Every structure is written in C-alpha cells, then in structure tokens.
Trainee: 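Before we start, here is the structure in question, set down as structure tokens.
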Amino acid sequence: MTNFADLDLVGVAQGIAAKKFSSQEITAWSLKRLDTIGRTFNAVFRIEHEQALARAKKLDAQQARGEALAPLHGVPLAHKDLLEVAGLEMHVGSKILQGNIATKNAWAIETLEAAGQVNLGALHMAEFAMSPTGFNAHYGHGLNPWNPAYACGGSSSGSGIAVAARLIFGSLGSDTGGSIRNPAAMCGVTGIKPTAGRVSFAGVFPLSHTLDCVGPLAQTARDCARLLTHISSPNAADPWCTPRANEDYEATLDGNIKGLRIGVPQSYYRENLDPEVAQALQASLDVLKARGAVLVDVQVPDMASIHEMAAIVLTVEAVTVHHRWMQTRRDEYGSQVLARTAAGFTHSGIAYREALDARQALIQAYLDTCFANCDVVHIPALMVQTPTIAATTTGTLDEVLQSISGFTYSSRAINYLGFPSMSVPAGFSSTNMPLAFQLVGRHFEEAKLLKVADAFQRDTSWHRQQPAV
C-alpha cells in the first residue's frame, strides 16, 4: 500500500492518474487525518465528509470511463475559512459571521474545482485574518505540528498546519502582510503570495482590499506552481484582478538557475537578525550559488516610509470593512483585532489618499535599490525564530501587541508594494522548529521565484521533513 504521507500534491495527482490508488482511497485517508490529527492541532473549522467522498467517487467514475483528467484530478485539498464555497458556512474565524452561508464559490475555489480538486473543508484561521501568529480569541490558537507549544503562524493557520502534518496536499490561504508566508515559514512548508491582482479576490472576505492576495501553501515549489497556474486565471468580473492570461508555472521548473542574479540586501533585513536564522539564510545562498546563481549585494530603500504608508492603508481599509459591526457588535470581537485596527479610525481621508498616491514612487525606490542589478531578492521570511504560544499571549494587551509586531517585519512591505514573494523551508533551529528564507520578485515574475525555489529544493530535503504526529 502507498504511504500517502510521503507524497506531495504532484505525486498524488500522478498516482491517481496511473491508477496506483483511487481518489476515494486517498480522500478517505485525508478525511480521517483531518478529523483526528487536524482537530488535535486545531487546524480545522469544518469537514465535509459526505460531499468530499461523493466528489471523489464521481471523479473516479470519470476516470474509469476514460475521460481526460484535469491536472488536480482527485487530489484532496482544504482551504482557509474566508473563501466562499457555495451552500456552506464561512465564518472567517469570527463569532460575528457564524451561520453565514455562501451562495456561490469564490473565484479561486471555482478554478480549482475545474482543475479537479476534492475540497475537504474549511481550515482554522485568525479572527478576520488579523494575527501573524495564529491566535484566535474565540476558537483557540492553532498549534504547530512540530511542537504544539509553539505558534503555527497566521493568519492562514490551519493551512500551514494541515499541509505540514500531511493531512492534505495543498491549501489556499490569503496574505495581507505575511499571512501565507508566516505559517509557511513556521510550519516548514512552501507558500507563495502572488503579485497584487494576479489572483482574483472575488468571493474572499477582505481585510484590506488593496493589500490582500490569495495564494497556495503546499509541500513543494512545484506543488505551488500547479495550484497557482489555475487560480491565476483572469476574472473579467473582478476590477481588481489583472487581465493577464494565466501562465503554466510548472513549465520552466528545470533546475537551471545558472547566471540568475540573486540580490542579497546588506542592511535592514540583516539588522537584529536571529543568529540561527542568519546561518540558515547563508546556507541557502550557498546551495543556490552551487547551482550556478550569482549572488549580488544590493541596497535597501527607506523602509520606514514604506511601513508607515502600509500601516495607514491596512488599518483604514480594515475599519472600512468592520466599522458598523465595531459600533453595534463590539463585544463579539477579540481584543487583539480591535487594538490592531484602532488606528484606522484616526487616520484622515487625506492621509489615506496620500498613502495610496505614495505607492508608485516607493515601488520605484525599491526597484531602483533592491532590484537595481538582480533578478530575485533573497531576504528572511522571519527575522526571529518561531515563538512559543506563551511568549505571544502572556502579559498585558500592549505587551502582547509589541511581542507580535516583529513577525511581519520582513513581509508586510511587500504587500504594499505589490510584489510577489514566497517562503521556502531552509532548515531547523536548535529547538527543532522550521526555518525559512523569502524570495521577492518584480511584479508578475512569480515564475522566477518558483524556479529558484524549485532549484533549491532539488538539492535539499527540508521541505520533505515530516513532524511526528
């Protein structure tokens, strides 16, 4: 019998296509793990047993009839609980939206249905996507499968847990300032935030509509490439979605990065960097250099200005979504969510407009420095090691907010600038918790990020390591 836990997403699709096992077999296996391990680590909000098994049975019947197989035919997936699935509850990690039933599929869900997925359910997330560590005041903290005393990362908490623990083979999350990359880094999986507007946000509950992105978490860069290929189909009905045709992101994953220039900033991203994180970053650069990449020192623009503008945009857009509920149902919010959005009520319309207007000049400044003479920028995914849950929940509210503020230090600016970026597993700390590096590309150059990450993963096995769950 196939050991399903040793397979990645592409391997599952290949195994089903080759009739080594059926979609029903592996779907039943995944459902059982979600219902046991997934609940143990608080990764799950909703499991659709009957619907998933019926979908797998239908797909197996199609295969038996000799019908053409889609690229994700029969593969068990599950997604963050802010993507609408027709007829099912989506409560976005909140009390306020309990009982909210979606009337149609989110665009990204619809594209994965067409690609052959079996959707097993909805995964744990931070309340309204507002925690970088995976904290949820109503439903509990997501627990890291490498050690449940440690944070799993947020806000796509359940996605990181479920992929790392081999409960499913891929998941869609959302990212406004690190919410895909943080759980990917803390749980030891691969996750990519695409260019702003590359994936339609239609049918996804917003946090900040100009910063939000949908993207995949999976074991490998190739897995992410397959998922991103399908969810990046243009949506003409979504004015925020680019009309660019989707690309076959797997097509260029050949391991050849000879001559590709990787920019390594020597300031900001190297300041106050944890020593073990620094060692992992250097080791990853050594692997890429051995593959033929050229390492280039690059400069960093004024990051303080970028962060100031990003904070204004995020908080103002967040309170635009929530202000009526915050007036009428304030006691149903967790204290962290209220505190982290409070600034949005104090910024003027002028300040918000100026933050939007400053974006293009700040994008150009980043291009003129970090990207002046390189193809891809290599920075930390996290400046620090994965924290314990106690370290991020103990103390006064102000102390807690201060303790978690650094977890988006190297990620939040990327959303404001709109660049694609991804987190790639790069080793383990002395406490046996995952470490990672981050790749950043120019707009719509996701293919380069995936190519570099895939080349790295051909020579390393960090992404193949499994927690003992």
Side-chain angles (χ1 to χ4, degrees), residues 43-46 48 77-113 119 121-132 134-139 142 154-160 171-180 182-183 193-194 196-217 231 235 237-241 313-330 332-334 336-338 340-341 344 415:
V44 176
F45 275 142
R46 188 192 72 244
E48 297 300 323
L77 306 176
H79 308 294
K80 188 175 183 177
D81 187 42
L82 49 53
L83 291 106
E84 293 182 345
V85 179
L88 299 177
E89 183 181 16
M90 179 197 75
H91 58 60
V92 199
S94 73
K95 291 179 66 177
I96 287 173
L97 287 177
Q98 282 181 337
N100 171 63
I101 305 300
T103 58
K104 61 181 179 179
N105 288 339
W107 177 264
I109 294 293
E110 195 68 23
T111 61
L112 292 185
E113 288 290 301
N119 188 356
L123 300 177
H124 185 282
M125 61 174 288
E127 180 188 4
F128 288 125
M130 280 294 286
S131 168
F135 174 77
N136 188 307
H138 310 300
Y139 304 105
S155 61
S156 306
S157 324
S159 298
S171 179
L172 297 186
S174 68
D175 192 310
T176 308
S179 287
I180 288 172
N182 275 2
K193 181 209 85 70
R198 188 68 179 97
V199 178
S200 174
F201 214 71
V204 185
F205 194 89
L207 172 56
S208 170
H209 70 271
T210 65
L211 305 182
D212 293 335
C213 297
V214 171
L217 297 91
I231 65 172
N235 180 5
D238 180 359
W240 293 100
C241 181
V313 170
L314 190 154
T315 55
V316 170
E317 292 181 353
V319 298
T320 300
V321 175
H322 291 281
H323 71 99
R324 288 186 178 87
W325 288 334
M326 287 182 171
Q327 291 171 348
T328 61
R329 304 178 68 175
R330 189 176 182 85
E332 295 178 69
Y333 281 92
Q336 280 194 27
V337 174
L338 291 172
R340 296 189 74 213
T341 55
N415 292 72

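Remember, predicted model here, so these are calculated numbers, not experimental data. Computed over heavy atoms, backbone and side chain alike; hydrogens, waters and symmetry mates excluded.
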Trainee: Please confirm whether the backbone N or O of E127 pairs with a side-chain atom of S94, one donor and one acceptor, at under 3.5 Å?
Mentor: no

Trainee: Can you list every pair that meets side-chain hydrogen bond (donor to acceptor under 3.5 Å, both in side chains) and has a residue in residues 198-208, with sequence neighbours left out?
Mentor: R198-Y249, S200-N235, S200-D238, S208-E317

Trainee: Would you name the heavy atoms of A318 and T341 that are closest together and state the gap between them?
Mentor: CB-CG2, 4.0 Å

Trainee: With heavy-atom distances below 4.5 Å as the criterion, would you say the side chains of S174 and M125 are in contact?
Mentor: no

Trainee: Please report the closest heavy-atom contact between M130 and S155, naming both atoms and the distance.
Mentor: N-CB, 4.2 Å

Trainee: Heavy atoms only: give me the nearest N136-A126 pair and the separation to one decimal.
Mentor: ND2-C, 3.8 Å

Trainee: Are Y333 and I96 side-chain neighbours, meaning at least one heavy-atom pair lies under 4.5 Å?
Mentor: yes

Trainee: Tell me, please, which residues at least two apart from E84 pass salt bridge (Lys or Arg N to Asp or Glu O under 4.0 Å).
Mentor: none

Trainee: Can you list the residues that meet the salt bridge (Lys or Arg N to Asp or Glu O under 4.0 Å) rule with E89, with sequence neighbours excluded?
Mentor: none

Trainee: Just so I know, are the side chains of I180 and L217 near enough to count as touching, which here means a heavy-atom distance under 4.5 Å?
Mentor: yes

Trainee: Measure the shortest side-chain to side-chain distance between D212 and V204 over non-hydrogen atoms and say whether it is less than 4.5 angstrom.
Mentor: no

Trainee: Could you report the tightest heavy-atom contact between I231 and A108, atom names first, then the distance?
Mentor: CG2-O, 3.9 Å

Trainee: So, using salt bridge (Lys or Arg N to Asp or Glu O under 4.0 Å) as the criterion, who are the partners of D81 when residues are at least two apart?
Mentor: none

Trainee: Rounded to the nearest 0.5 Å, how far does NE2 of H322 lie from OG1 of T320?
Mentor: 10.0 Å

Trainee: Report the C-alpha separation of V321 and L207 in whole Å, then their side-chain angles, then the decisive distance to 0.1 Å, and conclude whether the side-chain contact (heavy atoms from CB on, under 4.5 Å) test is met.
Mentor: CA-CA 7 Å; V321 175; L207 172 56; over 6 Å; no

Trainee: For H138, check ring-ring contact (aromatic ring centres under 6.0 Å, His included) against everything at least two apart and list the hits.
Mentor: none

Trainee: What pairs with E110 under salt bridge (Lys or Arg N to Asp or Glu O under 4.0 Å), at least two apart in sequence or on another chain?
Mentor: none

Trainee: Indicate the ring-plane relationship of Y139 and F45, choosing parallel, tilted or perpendicular according to the 30° and 60° boundaries.
Mentor: perpendicular

Trainee: Walk me through whether S156 and K80 qualify under side chain to side chain donor-acceptor pair (under 3.5 Å).
Mentor: CA-CA 6 Å; S156 306; K80 188 175 183 177; 3.0 Å; yes

Trainee: Could you grab the distance from atom OG1 of T103 to atom CG of L88, nearest 0.5 Å is fine?
Mentor: 11.5 Å

Trainee: Is the shortest side-chain heavy-atom distance between L77 and N119 below 4.5 Å?
Mentor: no

Trainee: Determine whether L338 and M326 make a side-chain contact, defined as any pair of heavy atoms from C-beta on separated by less than 4.5 Å.
Mentor: yes

